[in-house]
Amino acid sequence: KNEQRGTFSFFEPGMDARAQSRRRIEIDLRDAIQNDVLRPHYQPLIDLTTGRITGFEALVRWPDPERGMISPAEFIPVAEETGLINALGGLMLRRACTDAAAWPDDVCIAVNLSPLQFRVGNLLSLVMDALKQSGLPAKRLELEITETLLLEKSSQVLATLHALRALGVRISMDDFGTGYSSLSYLRSFPFDKIKIDQSFVRGLGSNRDAQAIVRSIISLGKGLGVTITAEGVETEAELSCLRAEGCHEGQGFLFSRARPNAEIVSLLQAQRGAALVAPVDADEEA
Ligand code: C2E
Ligand code: MG
Ligand code: MG
Ligand code: MG
């Protein structure tokens, strides 16, 4: 079957280069899912007060012998167009819960969900099965959704979110501020955390507009009683600004990139010696 790759007529005449590259990704992604090649890597979430790891976000990684690591930015959109996102999302959820069940029991795991996974109708049982099979307590699982999901204003989506929370699972609003939805949905949708998109975090400390936006997201989040996490923290200046604004959690290359599961246990052990960043108190003493 593999010998025929590329020689078979997958490509219709008239397809432009972009369409061809998408088709190539679709074919290879189907193979990668079937051959169990996709893996989550885990990026730490840091409590900005204590400097300690509170949990990890699972990010899909696709190692390809010819192309190296293929970026999710390239294949998640294709997975969504072709419906492969459901298989991908299911395997990520199962694998992440299984890996996390072996971590210390105060460490959480966040898994990204595509809006399409809410349309299939079996999301609740998928989550329940992943928790049951892994033995992970529901309170250690966080599901990341985006504002586009809420744009659908569907009662089925709302019912699923409520049912997930009734299990004890937490809901995070990912990439906050990049969607087009109005603030009114914040009242009707149940969620536990806001993740400030990295485009607002970039340049904090030197960019006053970014700082004003981040400040208002934080005060909005605090008013709603939810946890606020900043994504894409890359510099000490961004970190100290986020701390000054009272942001709860941070995630970004400043702390760590996403790493394979084999490195997570040793990362957590190393933390017993010293936190990834100094706690606020140590900062003030310095
Ligand atoms: P996201 O959920 O917002 O994940 C955060 C992305 O920001 C990750 O990119 C992460 O590597 C990157 N990042 C983290 N810290 C920094 C930083 O300090 N600087 C910069 N420049 N980037 C940082 P990644 O892994 O390429 O994933 C991109 C997107 O693909 C994710 O954005 C998410 O929307 C999607 N994705 C990844 N894995 C999955 C998955 O299993 N299921 C679904 N549905 N989507 C996924
Ligand atoms: Mg995410
Ligand atoms: Mg995000
Ligand atoms: Mg993002």
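All ligand and atom numbering here is 1-based and tracks the order in the structure.
For residues 201-214, the set of pairs meeting the salt bridge (charged side-chain N to carboxylate O under 4.0 Å, His left out) definition, not counting sequence neighbours, comprises Arg202-Glu234, Arg202-Glu238.
An N or O contact shorter than 3.5 Å links Asp174 to ligand 1 by distance. Backbone and side-chain nitrogen or oxygen atoms of Ser71 are examined, and none is located within less than 3.5 angstrom of a nitrogen or oxygen of ligand 1. The distance criterion of under 3.5 Å between nitrogen or oxygen atoms is not met by Gln117 with respect to ligand 1. Residue contacts with ligand 1: Leu254 is placed with no nitrogen or oxygen under 3.5 Å of a nitrogen or oxygen of the ligand (distance criterion only). Between Val60 and ligand 1, a contact under 3.5 Å exists for at least one N or O pair.
Seen from the Mg ion (ligand 3), atom OE2 on Glu231 and atom OD1 on Asp174 lie at an angle near 90° (rounded to 10 degrees). Around the Mg ion (ligand 2), the angle linking Asn112 (OD1) with Glu57 (OE2) is 90°, rounded to 10 degrees.
With a 4.0 Å heavy-atom cut-off, ligand 1 is reached by the side chain of Asp175 but not by its N, CA, C or O. Looking at Gln251 against ligand 1, nothing comes within 4.0 Å, counting heavy atoms. By the criterion of a heavy-atom distance under 4.0 Å, the side chain of Ile76, and not its backbone, is placed next to ligand 1. When heavy-atom distances to ligand 1 are checked against a 4.0 Å cut-off, Glu231 comes that close only through its side chain, counted from C-beta outward. Residue contacts with ligand 1, taken as heavy atom pairs separated by less than 4.0 Å, involve Gln43 solely via side-chain atoms from C-beta onward.
Between Lys193 and the choices Glu231, Glu144, Glu142, the salt bridge (charged side-chain N to carboxylate O under 4.0 Å, His left out) rule is met once, by Glu142.
Judged purely by atom type and a 3.5 angstrom limit, Arg243 has no side-chain atom pairing as donor or acceptor with the backbone of Thr49. The backbone N or O of Ala212 lies less than 3.5 Å from a partner atom in the side chain of Ser216, making a donor-acceptor pair.
When each atom of ligand 1 is checked for a heavy atom of Gly252 under 4.0 Å away, the hits are 15 (N), 18 (O). Taking every heavy atom of Gly232 and a limit of under 4.0 angstrom, the matching atoms of ligand 1 come to 15 (N), 16 (C), 17 (C), 18 (O). Near Glu234, meaning under 4.0 Å from any of its heavy atoms, are these atoms of ligand 1: 17 (C), 18 (O), 19 (N), 20 (C), 21 (N). Annotation for ligand 1: atoms under 4.0 Å from non-hydrogen atoms of Leu59 are 4 (O), 8 (C), 10 (C), 11 (O), 25 (O), 37 (C), 38 (N). Residue contact check: Pro72 has heavy atoms under 4.0 Å from atoms 24 (P), 25 (O), 26 (O), 27 (O), 30 (O) of ligand 1. Of all atoms in ligand 1, numbered sequentially from 1 with element shown, those under 4.0 Å from a heavy atom of Val233 are 18 (O).
No hydrogens or angles considered: nothing links the side chains of Asp174 and Ser172 as a donor-acceptor pair under 3.5 Å. For the residue pair Gln198 and Gln251, no side-chain donor N or O sits within less than 3.5 Å of a side-chain acceptor on the partner. No side-chain donor from either of Asn122 and Gln117 sits under 3.5 Å from a side-chain acceptor of the other. Counting only N and O atoms by type, the side chains of Thr54 and Glu249 include a donor and acceptor under 3.5 Å apart. Checked by atom type, the side-chain pair Asn261/Tyr42 shows no donor-acceptor distance below 3.5 Å.
Within the 4.0 Å heavy-atom shell around ligand 1 one finds Arg61. Using 4.0 Å as the threshold, Arg257 has no heavy atom nearer than that to any atom of ligand 1.
Electrostatic pairing of Arg30 and Glu26 counts as a salt bridge here, judged by a charged N lying under 4.0 Å from a carboxylate O. Between Arg24 and Asp28, at least one side-chain N (NZ, or NE/NH1/NH2) sits under 4.0 Å from a carboxylate O, which counts as a salt bridge.
Not a single N, O or S atom of Glu144, from either the backbone or the side chain, sits less than 2.8 Å from the Mg ion (ligand 3).
If you look at Asp175 and ask which of its N, O or S atoms sits nearest the Mg ion (ligand 3), the answer is OD1.
Considering only heavy atoms from C-beta on, Leu158 comes within 4.5 Å of Phe189 through its side chain. In this structure, Ile145 and Phe191 have side chains that are not in contact, with every pair of non-hydrogen atoms separated by 4.5 Å or more.
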